[in-house]
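Everything on this sheet refers to the single structure shown next.
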Amino acid sequence: QNAWISLLSPNAKNITEVVAYDISVNVLDHDPDVHYLTPGGTMHSSGQAYVKQIYTTDALSDIDFSWNASPESVYTCVDNELQIEPGSTFTLHLVANDLGNTSIVRQDLRYNIAYIYTDFDGDGQFTLDRSYGSSFSGANTPANYSIVMNIDHPFSVPENIDTRFGRIRVIYHNAWKTLSDPNTKDIYEGQAIDIPLEVVSGLAGVDNITTDDTSRDGYIYDILGRRVIGTPAPGFYIINGQKVFIQY
């Protein structure tokens with residue numbers, strides 16, 4: 001506001017020789033990091049037992065992370081880029097570092113059990129979705145090798161969850177040891193990985209499709225409820241209370 005003129009209110013009509021900006025904010029249910037305890041333990045001393053790639057397919061917004069070497073810590077939390085819809089299905093792919101068929105003992109994740117936990121509703125409590133591999137109980141189980149080294153795990157997202165943040169937790173644990181719980185501090189020669197996720201409004205029931213941008217009236221919001229300023233990129237938006245796909 002011009003410094004010689006008094007501003008009457010944030011809704012003033014007397015703004016002089018300047019400009020007004022609104023900054024939209026999206027208030028989420030809670031801080032995604034508030035409720036989660038961090039697991040701990042040890043990785044294998046050889047530095048070869050680690051996940052080299054994590055990626056998803058068929059999610060609303062997929063992730064793909066890769067590593068060329070063992071991380072410094074047994075616990076890793078990837079970036080918050082995974083978006084899913086209530087009632088949808090998607091697949092998590094886990095690819096372990098593979099030392100191959102060598103003449104020596106292969107000290108990679110083939111001697112572990114993999115546990116996959118979910119917290120879709122964001123309450124900080126994990127539920128075991130599935131485990132891969134078997135306890136060795138004193139003897140190697142060759143069946144673990146291929147099962148644990150390459151995992152393609154399907155998820156079915158509950159239909160009755162609200163828009164919020166949650167997590168997937170993956171823990172690899174030595175197959176001769178018992179894993180106590182998803183928040184354990186005694187991971188042995190394994191690895192723990194957290195995958196933050198965001199549950200967002202579904203795109204089912206699109207009400208309108210428009211192929212040019214000359215007739216759109218009213219404000220435009222993305223599917224997370226954030227107002228879009230300027231020309232939107234092609235994709236799904238909310239306009240006048242309807243889901244609209246914009247393409248050019």
Side-chain angles (χ1 to χ4, degrees), residues 32-56 63 65-67 69-80 82 84 90-99 105-158 165-197:
D33 295 320
V34 166
H35 301 295
Y36 294 103
L37 299 175
T38 301
T42 62
M43 304 186 72
H44 198 282
S45 58
S46 71
Q48 300 294 335
Y50 65 92
V51 174
K52 69 177 184 180
Q53 186 181 18
I54 293 176
Y55 66 100
T56 61
I63 60 170
F65 298 100
S66 298
W67 296 268
S70 176
E72 295 181 359
S73 171
V74 68
Y75 173 73
T76 301
C77 184
V78 301
D79 292 338
N80 185 13
L82 178 60
I84 60 176
F90 69 101
T91 302
L92 172 67
H93 306 274
L94 301 163
V95 182
N97 182 46
D98 192 342
L99 294 180
V105 175
R106 294 162 286 182
Q107 300 291 2
D108 49 31
L109 289 175
R110 73 188 66 232
Y111 301 107
N112 288 38
I113 298 177
Y115 301 86
I116 299 178
Y117 298 91
T118 59
D119 177 26
F120 287 131
D121 59 10
D123 65 357
Q125 302 298 314
F126 285 104
T127 300
L128 180 64
D129 207 68
R130 183 177 168 182
S131 63
Y132 288 80
S134 303
S135 173
F136 285 168
S137 300
N140 288 353
T141 304
N144 269 23
Y145 297 174
S146 59
I147 292 175
V148 175
M149 298 299 283
N150 290 278
I151 295 173
D152 300 312
H153 180 74
F155 287 106
S156 295
V157 185
F165 283 111
R167 282 198 185 187
I168 297 169
R169 175 165 291 178
V170 178
I171 295 179
Y172 291 82
H173 187 63
N174 185 288
W176 280 272
K177 305 287 185 179
T178 301
L179 187 71
S180 54
D181 63 72
N183 299 313
T184 184
K185 298 294 184 181
D186 63 352
I187 294 172
Y188 186 70
E189 296 182 343
Q191 190 175 6
I193 302 168
D194 270 7
I195 305 169
L197 60 88

Intermediate values then yes/no, side chain to side chain contact (heavy atoms under 4.5 Å, CB included), D181 and F126: CA-CA 9 Å; D181 63 72; F126 285 104; over 6 Å; no
When you compare the side chain of [Y] with that of [X], does any pair of heavy atoms fall below 4.5 Å?
X    : Y    : answer
L109 : H44  : no
F136 : N174 : no
L92  : V170 : yes
N144 : Y111 : no
I116 : L94  : yes
F65  : I195 : no
P196 : C77  : yes
P71  : M43  : yes

Donor-acceptor contact present, side-chain D119 to main-chain R167, <3.5 Å: no
[atom1]/[X] to [atom2]/[Y] distance, rounded to the nearest 0.5 angstrom?
X    : Y    : atom1 : atom2 : result
F120 : T127 : CZ    : OG1   : 9.5 Å
Y115 : L128 : OH    : CG    : 8.5 Å
N150 : D98  : CG    : CG    : 7.5 Å
K177 : E189 : NZ    : CD    : 8.5 Å
S46  : L99  : OG    : CG    : 7.0 Å
D129 : R169 : CG    : CZ    : 14.5 Å

Indicate the atoms forming the closest heavy-atom contact of [X] with [Y], along with that distance.
X    : Y    : result
G47  : S70  : O-CB, 3.2 Å
P39  : L37  : CD-O, 3.5 Å
I113 : S131 : CG2-CB, 4.4 Å
N112 : G190 : ND2-CA, 3.4 Å
I187 : A192 : CD1-CB, 3.6 Å
Q191 : V51  : OE1-N, 2.9 Å

F155/T56 under side chain to side chain contact (heavy atoms under 4.5 Å, CB included): CA gap, chis, key distance, verdict: CA-CA 10 Å; F155 287 106; T56 61; over 6 Å; no
Test side chain to side chain contact (heavy atoms under 4.5 Å, CB included) applied to Y75 and D194, step by step: CA-CA 8 Å; Y75 173 73; D194 270 7; 2.8 Å; yes
Residue pairs fulfilling salt bridge (Lys or Arg N to Asp or Glu O under 4.0 Å) with at least one residue in residues 41-52, sequence neighbours excluded: none
Donor-acceptor pair between Y132 and H153 side chains, under 3.5 angstrom: yes
Q48 versus D108, side-chain donor and acceptor atoms under 3.5 Å: no
Trace of the side chain to side chain contact (heavy atoms under 4.5 Å, CB included) decision for T38 with Y36: CA-CA 6 Å; T38 301; Y36 294 103; over 6 Å; no
